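Shown next, in C-alpha cells, is the structure this report addresses.
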Amino acid sequence: MASTYSLLLFALVAAATVSEANAAQLRADFYSCSCRNLLAIVKTGITKALQKEARMGASILRLHFHDCFVNGCDASILLDDTSKFIGEQTAAANNNSARGFNVIDDIKAMVEKECPGVVSCADILALAARDSVVYLGGPSWEVGLGRRDSTTASRLDANNSIPAPSFSLSTLKQNFANQGLSEKDLVALSGAHTIGLAQCRLFRPHIYNDTNIDASYAKFLRSKCPRTGKDRLLEPLDRQTPFHFDNLYYKNLVQKKVLLHSDQELYNGGSTDHLVGKYATDRVAFFNDFAKGMVKMSRIKPLTGKKGEIRLNCAKVN
Ligand code: HEM
Ligand SMILES: *[C@@H]1O[C@H](CO)[C@@H](O)[C@H](O)[C@H]1NC(C)=O
Ligand SMILES: *[C@@H]1O[C@H](CO)[C@@H](O)[C@H](O)[C@H]1NC(C)=O
Ligand SMILES: *[C@@H]1O[C@H](CO)[C@@H](O)[C@H](O)[C@H]1NC(C)=O
C-alpha cells in the first residue's frame, strides 16, 4: 500500500518534472545563431498587419491563448483538418471566431525565406502575441523560444480545454488551475479583454439573463443584439478603447459594464474582487501581472528537443 502510494507520488513528481524541464529549455536566444533576424521579421509582420487592422492584434493574442490551452503551446490550432484528425479550428470556441491564421502564415513565409526549416510556428505565434500587445500600448516581456510544432490536433481536446463565456468563477478557476495557472493569472490574463471584439451570440446570455449588469448598458446592448438574429454582430470587449491595451477593462468590471458573463464573474462578490479592484486603480500592477501571466501561459507544455517537428507550413504537418 505504502509502496503503491510512493510509486504514484514518484510518477506524479516525475511527470511534473518532465513538463517543467521542457519549459525550462525555452531560451530567449534560442535562434540567435540559426535565425538572427527572427525577432525583427515577426515584429515587421505584426506591425504591417496591425496598421491594416488594429483588431488583428487582439485576434493574434487570442490565437496564442487558444493554442496554449490545448495540449500546450505547440501551434496545434494552426493545423487544418486532415484525413487523420479533425483539428481545433472548428471546435466550439474557435469556429467562426478564431482569426489571424493568414497573418501567422505570412510571417512564417517570410521567416522560411530567411531561415528555412528552423523556426517553429509555435514560437512565431508566441512572439506575434507579445508584439501585438506592445503595438497596442501594453506591456512587453521576454519570450522564451525553442518550442516545436505538434504533428496532430484535436477538436475534442479544444472543446474540453478552452473556457466558455458561460463559465462561473469556480469553473474558470478550475479551468486555469488545470493549466497550472493561478487565480491571479486568471484575473490578470482576462485583462486581454481590454482589446478586441465579441459576437452577439456570445454575449447575449449576459445582457438578457444576468442581473449583475448596469441597466442602461444592458439596454444599449439589447438594442444592438436582439434575442434572436444578428448572431455575428460585434461589440467591443472594452466599450471605451477596444484597440488600446490599458486597464479600462477592470474599471468597466467595477461598473458592471462588460460584455461577457465570464468577465463579470471576476467581480461579482467573490474571491477575485480585490484583484479586479487593484488592477482598476493600478495600471502598473496590471501590466506587471499580465506580463508574468503571459510568460507562464506561453510555457505550458511546450514540445522541445526532438519532440514534434518544425513545420514548413503552419497549416500542415510536414
Ligand atoms: C477566462 C476565460 C476566457 C473566456 C471565457 C474568454 C472568452 C472569450 C469570448 C467568448 C470572446 C469573443 C469571441 C468572439 O466573439 O468571436 C473572447 C475574445 C477575446 N479573448 Fe477571451 N476569454 C477568456 C480568456 C482570455 C485570455 C486568457 C486571453 C488572452 C490572454 C483572451 C483574449 C481574447 C481576445 C484578445 C479577444 C478578442 C479577439 C478578437 O477581437 O478577435 N481571452 N474571449
Ligand atoms: C462551424 O460553422 C459553420 C457555419 O459557418 C457550420 O456550418 C458548422 O457546422 C460549424 N461546425 C461546427 C463543428 O460546429
Ligand atoms: C466540439 O464542439 C462542436 C461545436 O459545439 C461540436 O459540433 C462537436 O461535435 C464537438 N466535437 C467533439 C469531437 O467533441
Ligand atoms: C436565458 O435563460 C433561459 C432559462 O435558462 C434560457 O431558456 C434562455 O435561452 C436564456 N436566454 C439567453 C439569451 O441566454
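When a ligand or atom number is given, it counts from 1 through the structure's own listing order. All values reported here derive from a predicted model rather than from experimental measurement. When a residue number appears, it is its place in the shown sequence, counting from 1.
- The nearest heavy-atom contact from the protein to atom 9 (O) of ligand 3 is R155 NH2, 4.1 Å.
- In summary, the atoms of ligand 3 found under 4.0 Å from a heavy atom of N159, numbered by their order in the structure, are 1 (C), 2 (O), 3 (C), 8 (C), 10 (C), 11 (N), 12 (C), 14 (O).
- Under the 4.0 Å distance rule, the nearest protein heavy atom to atom 14 (O) of ligand 2 falls inside the cut-off.
- The aromatic ring centres of Y135 and F243 sit 6.0 Å or more apart.
- Here the protein heavy atom with the shortest distance to atom 5 (O) of ligand 3 is A92 CB, 3.6 Å.
- Close N/O approach between N95 and ligand 2 is found [any backbone or side-chain N/O within under 3.5 Å].
- Side-chain contact check for D246 and T241: at least one donor-acceptor pair (N or O, by modelled atom type) lies under 3.5 Å.
- Proximity of Q89 to ligand 2, defined as any heavy-atom pair under 4.0 Å, is not found for any part of the residue.
- Protein heavy atom at the shortest distance from atom 3 (C) of ligand 4 is N209 ND2, 3.6 Å.
- When hydrophobic clusters are built by joining Ile, Leu, Val, Met, Phe, Trp and Tyr residues whose side-chain heavy atoms come closer than 4.5 Å, directly or via intermediates, Y250 is not grouped with Y217.
- The shortest contact between atom 4 (C) of ligand 2 and any protein heavy atom is with N96 ND2, 3.6 Å.
- To the nearest 0.5 Å, the span separating CD on Q179 from CD on Q174 amounts to 11.0 Å.
- Close contacts of ligand 2 with R232, meaning ligand atoms under 4.0 Å from a residue heavy atom, involve 5 (O).
- For ligand 4, the atoms sitting less than 4.0 Å from at least one non-hydrogen atom of P205 are 14 (O), numbered in the order shown with element in parentheses.
- Atoms of ligand 4 lying under 4.0 Å from at least one heavy atom of R204, given by number and element, are 13 (C).
- Using a 4.5 Å cut-off between side-chain heavy atoms of Ile, Leu, Val, Met, Phe, Trp and Tyr, with links allowed through other members, V295 and L63 fall into the same hydrophobic cluster.
- Remark: the backbone N or O of S150 is paired with a side-chain donor or acceptor of R311 at under 3.5 angstrom.
- Of the protein's heavy atoms, at least one falls inside 4.0 Å of atom 11 (N) of ligand 4.
- The protein does not reach atom 7 (O) of ligand 3 closely, with no heavy atom under 4.0 angstrom from it.
- With E235 as reference, L221 is the one residue of L202, L197, L221 to meet the side-chain contact (heavy atoms from CB on, under 4.5 Å) rule.
- Note that the NZ atom of K316 and the CG atom of D105 stand 9.0 Å from one another [nearest 0.5 Å].
- Note on L253 and L186: same hydrophobic cluster, where clusters join Ile, Leu, Val, Met, Phe, Trp and Tyr whose side-chain heavy atoms are under 4.5 Å apart, directly or indirectly.
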